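Below you'll find the structure, written out as structure tokens, and then a few comments.
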Amino acid sequence: MVAAVTTIVFVLALGYAALRDLMSYEIPNWIPLVIVVDYAALALLGDASLATVGQHVAVGLVVLAIGAALFFAHVLGGGDAKLLAACALWFGWPQFISFTYMVALFGGGLALVILALRRFPTPAAWNETPWFRRLSSPDQGLPYGIAIAIAGMIAVREMAPASGWM
């Protein structure tokens, strides 16, 4: 029961992060925090060993450090870095590897769609909404939180049967 509830909270938080990133190119700090607290609830109330929890925390901290470096290098947004680290906490090692592949795959697809959107003219009515105007503007980045969220939702679903969560 605890695993099912925490998984639902995780998926809802990811969905909201994706929506916020699409609409404002911003992922509020409280979203990754909810994911971290949600994992802590799962770890405390579930049957995970201390070694497993420690390994998940280590992966999360390493990803946070790498994400911070990418943020300071202007490669990744701060919200994206924190969201990746929070997801890393959930997946641990080696599940984080397959999650990362999915993030790259969905991120590449997202980039192709947005590049196509920016290359071809769009109906004027579409450009009346601020989020679409920002999305189609060539001087803006990518809302990578969308790719992170989709990959996280798929990865947690794949992880659940193996762990007996669902």
Side-chain angles (χ1 to χ4, degrees), residues 5-43 56-92 95-157 159:
V5 171
T6 55
T7 301
I8 290 168
V9 170
F10 177 70
V11 168
L12 289 174
L14 286 177
Y16 188 71
L19 184 62
R20 280 295 300 264
D21 205 18
L22 173 66
M23 300 301 260
S24 66
Y25 274 50
E26 188 175 281
I27 300 171
N29 290 334
W30 65 264
I31 297 173
L33 182 61
V34 163
I35 293 172
V36 169
V37 170
D38 190 41
Y39 176 77
L42 177 65
H56 282 238
V57 169
V59 172
L61 290 173
V62 167
V63 172
L64 183 61
I66 293 169
L70 291 172
F71 168 73
F72 288 117
H74 303 285
V75 174
L76 191 66
D80 299 331
K82 290 177 269 189
L83 188 61
L84 269 173
C87 288
L89 178 69
W90 260 79
F91 298 122
Q95 290 86 0
F96 180 71
I97 297 296
S98 63
F99 165 71
T100 304
Y101 286 140
M102 285 189 275
V103 169
L105 178 69
F106 290 114
L110 176 68
L112 289 175
V113 167
I114 291 176
L115 287 173
L117 175 71
R118 291 175 180 174
R119 182 147 174 100
F120 299 106
T122 55
W126 293 9
N127 291 318
E128 291 177 13
T129 58
W131 68 269
F132 188 83
R133 191 172 38 254
R134 188 180 310 109
L135 195 64
S136 60
S137 175
D139 62 336
Q140 294 291 314
L142 298 174
Y144 213 72
I146 296 169
I148 297 167
I150 293 170
M153 290 175 189
I154 292 170
V156 80
R157 181 64 187 115
M159 188 174 78

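In this text the structure is predicted, and so the values were computed from the model without any measurement.
The two residues Phe96 and Phe91 have their closest heavy-atom pair at N-CB, 4.0 Å. Closest of all the heavy-atom pairs between Ile27 and Pro32 is CG2-CD, 4.3 Å. The two atoms that bring Ala13 and Ile35 nearest to each other are CB-CG1, 3.8 Å, heavy atoms only. Residues Gly60 and Ala88 come closest through the heavy atom pair CA-CB, 4.0 Å.
For the pair Val59 and Leu89, the minimum side-chain heavy-atom distance is 4.5 Å or more. The shortest distance between side-chain heavy atoms of Thr7 and Trp90 falls below 4.5 Å. Looking only at side-chain heavy atoms (C-beta outward), Asp80 and Asp21 come within less than 4.5 Å of each other. Side-chain atoms of Arg134 and Met23, non-hydrogen and from C-beta on, never get closer than 4.5 Å to each other. Ile150 places none of its side-chain heavy atoms less than 4.5 Å from the side chain of Leu110. The closest side-chain heavy-atom distance from Pro28 to Arg20 is below 4.5 Å. Phe132 is listed as a side-chain neighbour of Leu117, based on a closest heavy-atom distance under 4.5 Å. Here the side chains of Trp131 and Leu22 are in contact, with some heavy-atom distance below 4.5 Å.
In this structure, OH in Tyr144 is found 11.0 Å from CZ in Phe106, a value given to the nearest 0.5 Å. Asp38 CG to Phe10 CZ: the interatomic distance, rounded to the nearest 0.5 Å, is 8.0 Å. The distance from the CG atom of Leu42 to the OG1 atom of Thr6 is 4.0 Å, given to the nearest 0.5 Å. The CG atom of Leu83 sits 6.0 Å away from the CG atom of Leu14 when rounded to the nearest 0.5 Å. Taking NE2 of His56 as the reference point, atom OH of Tyr39 lies at 4.5 Å (rounded to 0.5 Å). Rounding to the nearest 0.5 Å places CG of Leu12 at 11.5 Å from CD1 of Ile31.
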May I have the step-by-step check of side chain to side chain contact (heavy atoms under 4.5 Å, CB included) for Phe99 and Leu84, ending in yes or no?
CA-CA 10 Å; Phe99 165 71; Leu84 269 173; 3.8 Å; yes
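Counting only distance, with no hydrogens or angles, the side chain of Tyr25 and the backbone of Leu142 share no donor-acceptor pair below 3.5 Å. The main-chain N or O of Leu135 is found under 3.5 Å from a side-chain atom of Arg118 such that the two form a donor-acceptor pair.
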